[in-house]
Amino acid sequence: MRKVLALLGLVALVLTGVLVVRTLRFTAPESQVVPAQRLALDERQMAERFAQALRIRTISDNRALEERAPHLTAFHEYLATTFPLAHTALTREPVEEFSLLYTWPGMNPTLPPVVLMGHFDVVPVDEGTDDRWTHPPFAGVVADGFIWGRGAIDDKVNVLGILEAVESLVGSGFVPERTVYLAFGHDEEVGGAGAAAIARLLEARGVNPLYVLDEGGAVSEGLVQGVSGPIALIGIAEKGYLSLELAVESTGGHSSIPPGETAIGILSRAIVRLEGRPFPLGLTDATRHMLLTIGPTLPFVQRLAMANLWLFEPLVVRGFGADMRGAAMLRTTTAPTILRAGTKDNVLPIRATAVVNLRILPGDDVAGVTESVRQTIDDSRVTLRALADAWEPSPISDPEGPAYAEIERTIHQIFAGALVAPYLVGGGTDARYYAGLSSNVFRFTPMRIGRGDLARFHGTDERLSVESYADAVRFYVQLLENTTGIQITAAGSQ
């Protein structure tokens, strides 16, 4: 017995030594990137131009397109008059009528081009909530160091920031060596038909981008537990999307003589089963990359776990999944969002329906998730119907490849001191349509946000600081110089 205990003690000692050594070696490489010289910009004028763009009500909602068309057209005209140099150097073509594709021809057409993306439609403001805004949502006000208005962070910051950068570069004599495409959607908030059409058009033209960069993560503080400094998250994949309608039919009747089970009761129990049996937690490659990147910056105990996922992965998954934001990155999520039943308080409804929205983790798929929901409900009286616009999770782009490295380098140049990490995007973006064009599809918006800003996405008091917007422009200037450019001198030499 003593020998067994001694052997177990030796094994424990060796294991502890292995864990500690691996943890001590688990360090983040220090960035060797020198911060870029701060580009001089007229931040006040840029902020005002941005604010004017926010005054144009490019709202995506349930109105007919012809009702929204005047605002979309006004936005097109505003871009043309505000960025004349860009509209001279680049060709612009409408796609799906109101989305825009700009082409900036490169000096070397044999090089793979780059695609910078954004969308200029915005979500509506909830009816009756205008008075809760510090400034009216479509007033486009610059005040207290911020640019206020719907679209400030989702997503006119990308569209205006990219065009400001291009305008500046054209004015300085910059010419790209590789072709640059700017792809701006007009309906991302309602499905992204414009982005899908642009992607099909580029594919038909044989375009295979070096990388595609759309909206996504940002530079934030306090949003990732355990990370004390700023962290810039680059989306390398996004979850899939599925909405299922659950329906129950019954004979109805008078509420004074209710049956043992009503349509509403049957449907409610189905929803309770779904919420009570969520999809399992697990690490995808995208989230594993994120954890291995942020791990070296964490306190020792968490760092030990991250450095030794081969042993502690179940504990890491459980701990990370205890927070709702963490859990959303580790599982296919289930969210009942719409309930419909009944027309009168004393009448039993003949039909009750619910819509359940699922965000699908890479590794799962639409068919498998649908079948899992059916098995979890386990009631033949509840029928399932997939609503339109379902899509599979995106492929995972390589966070160790040269394209990612160039975006990371640019972030270090503009946002000095930020930790750059890949992550899985929980929502949907227009970037998903580009998976067939490039293996390097990334999602990053070059703006600073804090914990309190999360509620501003699609919420009240959407705003972006003037300084953050200026840095977004600086980022796009630097990225284009890093990945596409040559400088033409006044004498015409390179």
Side-chain angles (χ1 to χ4, degrees), residues 59-64 67 123-132 189-191 239-281 321-325 327-328 330-361 364-393 426-428 455 457-460:
I59 302 169
S60 280
D61 53 19
N62 57 8
R63 292 175 300 157
E67 291 185 57
V123 297
V125 174
D126 288 348
E127 188 174 351
T129 65
D130 286 31
D131 60 352
R132 301 180 188 176
E189 300 290 1
V190 288
K239 297 174 84 172
Y241 184 99
L242 170 66
S243 283
L244 291 174
E245 182 189 71
L246 282 54
V248 178
E249 303 276 355
S250 73
T251 57
H254 200 285
S255 65
S256 63
I257 314 175
E261 292 183 295
T262 64
I264 291 176
I266 295 169
L267 182 64
S268 298
R269 278 189 290 277
I271 294 172
V272 169
R273 288 193 193 104
L274 288 176
E275 291 193 328
R277 291 181 55 188
F279 284 81
L281 299 169
D323 174 81
M324 66 179 183
R325 286 195 298 270
L330 298 177
R331 67 158 51 107
T332 293
T333 55
T334 307
T337 54
I338 301 173
L339 287 169
R340 294 191 181 96
T343 57
K344 198 171 185 294
D345 64 344
N346 64 346
V347 177
L348 298 172
I350 294 175
R351 179 177 171 84
T353 65
V355 173
V356 176
N357 182 250
L358 301 109
R359 301 302 176 104
I360 305 172
L361 198 70
D364 293 342
D365 57 38
V366 169
V369 166
T370 302
E371 183 56 30
S372 180
V373 169
R374 192 185 311 278
Q375 291 180 11
T376 299
I377 292 173
D378 193 25
D379 191 333
S380 60
R381 296 170 296 178
V382 181
T383 61
L384 303 185
R385 180 175 69 91
L387 302 183
D389 297 329
W391 59 82
E392 304 288 358
F457 285 85
H458 291 194
T460 300

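Throughout, residue positions are numbered sequentially from 1 according to the sequence presented.
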One pair to check against side-chain contact (heavy atoms from CB on, under 4.5 Å): T337 and V356. What are the steps and the verdict? CA-CA 6 Å; T337 54; V356 176; over 6 Å; no

Look up atom CG in D389 and atom CG in L387, then write down how far apart they are to the nearest 0.5 Å. 9.0 Å

Audit row: T460, R132, side-chain contact (heavy atoms from CB on, under 4.5 Å) steps and yes/no: CA-CA 7 Å; T460 300; R132 301 180 188 176; 4.1 Å; yes

Residue list, salt bridge (Lys or Arg N to Asp or Glu O under 4.0 Å) with E245, at least two apart or on another chain: R351, R385

Residue pairs passing the salt bridge (Lys or Arg N to Asp or Glu O under 4.0 Å) test with at least one member in residues 331-350, sequence neighbours excluded, are none

T333: partners by side chain to side chain donor-acceptor pair (under 3.5 Å), with sequence neighbours left out: none

Is a side-chain N or O of T376 found less than 3.5 angstrom from the main chain of S372, in a donor-acceptor match? yes

What are the two closest non-hydrogen atoms of L361 and P393, and how far apart are they? O-CG, 3.5 Å

Output all residues satisfying side chain to side chain donor-acceptor pair (under 3.5 Å) with E392, sequence neighbours left out; order by chain, then residue number. none

Assess whether side-chain contact (heavy atoms from CB on, under 4.5 Å) is satisfied between V382 and I266, documenting all intermediate values. CA-CA 8 Å; V382 181; I266 295 169; 3.9 Å; yes

Check for a donor-acceptor pair, side chain of K239 on one end and backbone N or O of L358 on the other, with a separation under 3.5 Å. no

Name all residues meeting the salt bridge (Lys or Arg N to Asp or Glu O under 4.0 Å) criterion together with R374; count only those two or more places apart in sequence or in a different chain, and write none if there are none. E371

Sequence neighbours excluded, the answer for salt bridge (Lys or Arg N to Asp or Glu O under 4.0 Å) partners of D61 is R63

For a quick test of reading the model, state the closest non-hydrogen atom pair linking I271 to A354 and the distance between them. CD1-CB, 3.8 Å

May I have all residue pairs that pass ring-ring contact (aromatic ring centres under 6.0 Å, His included) and include part of residues 246-273, sequence neighbours excluded? none

Partners passing side chain to side chain donor-acceptor pair (under 3.5 Å) against E275 (at least two apart in sequence or in another chain): none

Spacing of CD1 belonging to I264 relative to CG belonging to L339, to within rounding of 0.5 Å: 9.0 Å

Could you grab the distance from atom CZ of R359 to atom CG of D364, nearest 0.5 Å is fine? 15.0 Å

L246 and A270 have their tightest heavy-atom pair at CD2-CB, 4.3 Å

Just to verify, what does E127 make a side chain to side chain donor-acceptor pair (under 3.5 Å) with, not counting sequence neighbours? none

For D323, enumerate each residue passing the salt bridge (Lys or Arg N to Asp or Glu O under 4.0 Å) test, keeping only those at least two apart in sequence or located in another chain. none

Quick one: does L244's side chain get under 4.5 Å of L242's, heavy atoms only? yes

Just verifying a value: how many Å separate L274 CG and I377 CD1, rounded to the nearest 0.5 Å? 4.5 Å

Return yes if some donor-acceptor pair links the side-chain N/O of S255 with the main-chain N/O of N346 below 3.5 Å, else return no. yes

Just so I know, are the side chains of N357 and I338 near enough to count as touching, which here means a heavy-atom distance under 4.5 Å? no

Got a second to check how far R273's CZ is from R269's CZ, nearest 0.5 Å? 7.0 Å

Output for pair (T332 OG1, D365 CG), nearest 0.5 Å, gives 9.5 Å

Got a sec, which residues hit side chain to side chain contact (heavy atoms under 4.5 Å, CB included) with A263, two or more places apart in sequence or on another chain? V248, S250, A352

In short, G321 meets A327 closest at the heavy-atom pair O-CB, 3.4 Å

Taking the side chain as every heavy atom from C-beta outward, state whether D130 and V125 have any pair of such atoms under 4.5 Å apart. yes

Of all the heavy-atom pairs spanning A247 and T353, show the shortest one and how long it is. CB-CG2, 3.9 Å

Set of ring pair (Phe, Tyr, Trp, His ring centres under 6.0 Å) partners for F279, sequence neighbours left out: none

Looking at R381 and E261, is there a salt bridge between them, counting it only when a charged N and a carboxylate O are closer than 4.0 Å? yes

